[in-house]
Amino acid sequence: MTDSAKPTLLVVDGHSLAYRAFFALPVENFSTKDGQHTNGIYGFLSMFVNLLKAEKPTHVAVAFDTSRESFRTREYAEYKATRSETPAEFKGQIPLLQECLDAMGVTVLTKPDYEADDILATLATRGENEGWNVLVCSGDRDTIQLVTDGVTLLYPSVQGVSQLKRYDPQTVRERYGVEPAMYPDIAALVGETSDNLPGVPKVGEKTAVKWLTQFGSLDAVLEGADTIKGVVGGNLREHLDDVRRNRRLNRLLRDVELPVGLDDLKIKPLDGQAVRDIFARLEFRALLPRVFEAAGAPAEEEPAAPIAQAPAPVQLDAEALAAWVANAQGEVGVTVTLLGGQPDRLGLATADEVVEAAWGDDVATALGPWFASDAPKVMSDAKPQIKALARGGVSLAGLAFDALLAGWLLRPSFPDKTLGHLVERLLGEKLPEADPSQLVPETEGATPGQLSWFTLRVTEALREEMPESVARVLTDIELPTVATLAAMELAGVAVSHAKLSEFSGELGARAETIAQEAYAAIGREVNLGSPKQLQEVLFEELQLPKTRKTKTGYTTDAASLADLQEKAHHPFLDLLLRHREATKLKQIIDGLDAAIDSTGRVHTTYVQTGSQTGRLSSTDPNLQNIPVRTEESKRIRAAFEVGAGYETLLTADYSQIEMRIMAHLSGDPGLVEAFNSGEDLHRFVGSRVFGVDPADVTPEMRTKVKAMSYGLVYGLSAFGLAKQLRIDQTEAKKLMLDYFARFGAVRDYLRASVEAAREVGYTETIFGRRRPFPDLKSPNRQLRENAERAALNAPIQGSAADIMKIALFRIHEDLRAHESRVLLQIHDELVIEVAPGEWDVVEAIVRDRMGSAAELSVPLDVQVGRGADWNEAAH
DNA sequence: TACATGACGTA
DNA sequence: CGTACGTCATGTAC
C-alpha cells in the first residue's frame with residue numbers, strides 16, 4: 001500500500017521505453033503526413049499518461065541517454081557494442097519526445113558520459129532517503145538492483161510498453177530467488193547478451209542463485225571458486241575477471257551530480273498551448289485529451305478546458321447603441337453574425353462591457369457613421385462580416401486587428417480557422433457552444449457581444465506574442481487587404497454561361513468518343529478515371545513496364561504515360577491522355593458554370609489565411625487555377641467577360657517577380673544587371689551561362705536556363721532539372737555549375753538564407769512576414785530536406801505575395817473615386833473591370849501602384865493588357 | 001457519410 | 001529527388 005501522504009516520485013528511462021515502443025508499434029501507422037515518424041513518441045506518451053493516471057506521482061523525471069558513449073564504454077569498449085545502430089527514424093523522435101514532456105511540465109534529464117539508468121538510480125536513492133514512495137520505470141534489467149521496500153520497479157513486459165510489471169522486493173525474490181540488491185551479482189555471473197557482457201559459460205540463473213545462496217555474496221563466490229567442482233567450476237575460475245568487470249559495469253551510480261533537486265521534479269502545470277502546438281505538429285489527436293486528463297490532479301475535477309465565461313450582454317436599442325459607441329474608450333470588439341449573407345445580430349464589447357442588438361435599418365442608420373469612421377475596431381474573421389455589412393448598406397473602416405489573421409501570421413501552418421480555436425489555444429478555455437441537437441438548446445452558445453469580448457481577450461494574447469515585424473505585416477499589409485478582398489468577392493466576375501455550356505457539350509462528346517476508342521484498344525470497358533483500374537490494364541493486362549511507385553501501386557500520371565508511350569507504343573496510352581484532358585477541362589467548365597449566379601457573375605472566396613507563404617488562396621470556385629496553357633483553355637478564359645455597364649477588362653501582371661526578388665535579395669550583380677539591362681531575362685542569362693552573344697542564344701539554351709532559373713526558386717536538384725529537361729544528370733549538373741559560375745551570389749544567398757533560418761527557426765520576407773521551420777533541425781533527412789526547399793522558397797514567394805497585396809489594396813483604394821473595380825487576383829496578376837471612359841486613369845493607377853509597391857534594387861515590370869474578355873486581355 | 005489518394009489545373 | 005495552392009473522381013473505412 002502506498003502512503004498517500006508521502007510524495008511519490010516517478011523516474012523513467014525515456015530512451016529505453018521509447019525504443020521499445022518504436023519496435024512495438026508499426027511505423028506506417030504512426031507518421032505525420034510529411035514523413036516524421038512518431039511511433040516511439042506515441043507509444044511512450046501513451047504508457048506515460050497511463051502511469052500518471054494510475055500512480056498519481058507528485059514528482060516526475062524522465063531521463064535520457066545522451067549518446068552511446070559513457071564512462072562504461074570507456075572502461076570496456078565492447079560494452080553494448082553488439083547493439084545494432086540506432087535507426088535514424090528513432091533518433092529523430094527523441095528531441096520531439098523531450099519537447100512533449102517539457103510542454104507537459106515534466107522534467108527531462110540528461111547527463112553526458114552517464115546512462116539514463118544512473119540518473120534513475122541517483123534520483124531513486126535520494127527519494128528513498130527522504131522516505132518517499134519511489135517508482136522506477138525502465139526497460140533495463142539492471143534497475144532491479146534499485147528495488148527496495150520504498151522503491152518499486154515498473155518493467156515493460158514482452159508484449160510491449162503498455163503492460164508494466166511491478167517489481168517489489170517480494171516479486172524479485174519470487175522471480176530471481178535473491179534479494180534485489182543481489183540481482184547484479186546474478187547478472188555478473190550469467191552475463192548480459194544485450195550489453196555484450198559475456199558471463200561464465202554454462203552458468204545460468206539457477207546456478208548463479210545456488211552459488212550466491214551458498215556463499216552469501218559474490219565476493220565469497222569468487223574467493224571460493226577453487227572449491228566449486230565440475231566444468232562450471234573450471235569455467236568460473238577462467239572467467240573471474242569477466243565477472244568482476246560485469247559487476248563493475250552493471251552497478252548503477254547513485255551519486256551522479258544533477259542540476260536539479262528532488263523538489264524541482266514536482267510536476268509543473270502543463271503548458272496547454274505548448275502541448276497543443278507540439279501535438280498538432282505530431283498529428284496526435286486522441287492523445288491530447290488523455291494528456292490533459294492525466295495532468296489534472298485526481299479524477300473528478302474540472303475538465304482541462306473550462307467553459308469560458310464572459311460578461312452578460314446588455315441589449316440596447318439603436319439609439320443607445322450609438323451613444324454607447326460614442327462613449328466607448330479605445331478599441332471596440334465587433335461581431336456581426338450572419339443569416340443568409342445578411343447581418344443578423346451585432347455585438348460590441350470593451351474590456352468590461354458587452355452590448356448587443358438585433359440588426360435592422362435603425363441600427364444600420366444609427367451606427368453607420370461609426371462603422372465608416374476610423375474608430376478602432378477589433379474583429380475576428382472580418383471579411384465575411386464586412387461583406388454582410390456592405391450588403392446591409394454599411395461600410396466598415398478602422399479595422400485595427402483581426403484575430404484570425406494574427407493567429408495565422410504567427411503560426412501559418414496551424415489550422416485555427418475560428419475564434420473558438422484561438423480561445424482554446426491561447427486562453428485554454430472553450431467557447432460555450434449551443435447544443436445543436438435541440439430546438440431550444442439547454443446550453444447557450446456565446447452571444448455576438450460575448451464573441452466580441454473574447455476577440456478582445458484573444459487579441460491581447462496575440463499582441464503579447466507578436467514580434468514587431470509581424471505586427472507591421474498585419475497592420476500595413478493584411479488588414480488593408482481585408483476590405484479589398486471583400487469588395488472583389490462581392491463584385492464577382494461575369495462569366496458567359498452560353499460559351500461554357502457549348503464548350504462543355506463538345507468536350508463531353510469528345511470524351512465519349514475517345515473512351516469508346518480506348519475500350520476498343522484494350523478489348524474491354526474500364527473506368528478511365530480510376531487509377532486503380534488503369535493499373536490493372538496497363539501493368540497486368542498489357543504488361544507495360546512499371547512506372548514510378550505510389551502508395552497504392554504504380555503511377556499513371558501524364559508524365560509517366562508519356563514515358564511509357566516512348567518505351568512501348570500502345571494506342572491506349574494516347575487515348576487515355578486525350579480522355580483525361582477532355583474530362584479535366586469539362587470538369588473545370590461545369591464547376592465554373594454551376595457557380596454562375598443569377599446575375600451572370602461568379603463570386604470566389606479568397607482565403608487570406610489559405611497559405612503558409614502569405615499568398616491568397618481561392619475557393620468555391622477556385623479562380624486561381626483556370627487553365628491558360630493550351631489553345632483549348634483559351635476558350636475557357638474567353639468566357640470571363642467584361643460585365644454589363646463596363647467597357648473592358650484590364651489585366652496587369654508582374655513579369656518574373658520572383659526572379660526579381662531573388663536578384664534583389666541576393667544582390668547578384670549579373671542578375672541585377674539582367675533586369676536593369678532591359679534585355680529578355682532568359683536570353684541575357686543564357687548568353688552569360690553559355691558564353692554567347694544574346695542574339696545567338698538558341699531556343700534550347702533559353703529553355704534550359706529558364707528551367708534552371710525557375711527551379712532555383714524551388715530548390716531544384718540536378719535530378720529534378722534533368723528530369724524536367726529530359727537530359728541526363730551529368731548534363732544537368734554541368735548546367736548548374738555553369739549557371740552558378742556566372743550567378744554565384746544567387747547560390748550563396750540561397751544557402752545563407754536557409755542556414756539563417758535554421759538558426760533562428762523561421763524565414764522572413766522583405767516586409768517581415770515570418771514562417772517557422774522547426775524541421776530544419778530534424779535529424780530525419782527527408783523531413784529536413786523538404787524543410788530546406790520550402791525555407792528557400794518562402795521568402796521569395798512570400799515577398800512576392802506581400803508586394804502584390806500592397807499593390808492590390810492601394811489600387812482598390814485609388815479606384816474608390818472611380819467606377820472601375822478590381823475583380824481577381826491570381827498571385828502575380830490582377831483582373832480589373834474598367835468603366836467607360838476610365839481606361840487611361842485606371843491604367844495609370846495600376847502601373848504606378850504595382851510598379852511602386854516595393855523599392856527593390858531592380859525595377860518591378862508590369863505588363864498590362866486590354867480586352868473584352870480575359871483571353872483577349874491577356875497579352 | 002467522411003476521409004485518403006491520385007491526378008492535374010494555376011502561379 | 002521543385003515551392004505554393006484547390007478540386008474532382010474513385011475507393012475505402014466507418
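Per chain, numbering begins at 1; letters A, B, ... match sequence-line order.
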Touch class at under 4.0 angstrom, heavy-atom based, for A:Glu829 against every strand present: nothing
Touch class at under 4.0 angstrom, heavy-atom based, for A:Arg548 against every strand present: nothing
A:Ser717 side chain near C:dG2 phosphate (N/O to OP1/OP2, under 4.0 Å): yes
Listed nucleotide nearest any side-chain atom of A:Tyr710, set C:dC5, C:dA4, C:dG2: C:dG2
Sugar-phosphate, base or nothing in reach of A:Ser618, heavy atoms under 4.0 Å: sugar-phosphate
Sugar-phosphate only, base, or nothing, as touched by A:Gln797 at under 4.0 Å among non-hydrogen atoms: base
Nucleotide C:dT7, atom P - distance to CD of A:Gln587 in whole Å: 12 Å
Phosphate OP1/OP2 of C:dT3 contacted by A:Arg789 side-chain N/O (<4.0 Å): yes
Touch class at under 4.0 angstrom, heavy-atom based, for A:Leu585 against every strand present: nothing
Lys/Arg-Asp/Glu bridge criterion (N-O < 4.0 Å) met for A:Arg601, A:Glu641: no
Ring-face cation of A:Arg637 near A:Phe640 (centre distance under 6.0 Å, axis angle within 45°): no
Between A:Phe284 and A:Tyr42, ring centroids under 6.0 Å: yes
Sugar-phosphate, base or nothing in reach of A:Ala558, heavy atoms under 4.0 Å: sugar-phosphate
Residue-phosphate contact under 4.0 Å: A:Arg580 side-chain N/O, C:dA9 OP1/OP2: no
5' precedence on DNA chain C between A:Ala707 and A:Asn527 (nearest-nucleotide basis): A:Ala707
Any A:Thr613 side-chain N or O less than 4.0 Å from OP1/OP2 of C:dT3: no
Outermost nucleotides of DNA chain B that come under 4.0 Å of a non-hydrogen atom of chain A: B:dT5 to B:dA11
Sugar-phosphate only, base, or nothing, as touched by A:Thr556 at under 4.0 Å among non-hydrogen atoms: sugar-phosphate
Short side-chain N/O contact to C:dT7 OP1/OP2 from A:Gln624, under 4.0 Å: no
Single hit among A:Val754, A:Ile766, A:Asp802, A:Thr763 for side chain to side chain contact (heavy atoms under 4.5 Å, CB included) with A:Pro795: A:Thr763
A:Lys532 vs C:dT12: side-chain N/O to OP1/OP2 distance below 4.0 Å: yes
Pair A:Glu764-A:Ser469, side-chain donor/acceptor within less than 3.5 Å: yes
Sugar-phosphate, base or nothing in reach of A:Gln724, heavy atoms under 4.0 Å: base
A:Thr547 and A:Leu564, any side-chain heavy atoms less than 4.5 Å apart: yes
Over 12 foreign heavy atoms within 6.0 Å of CZ, A:Arg742: no
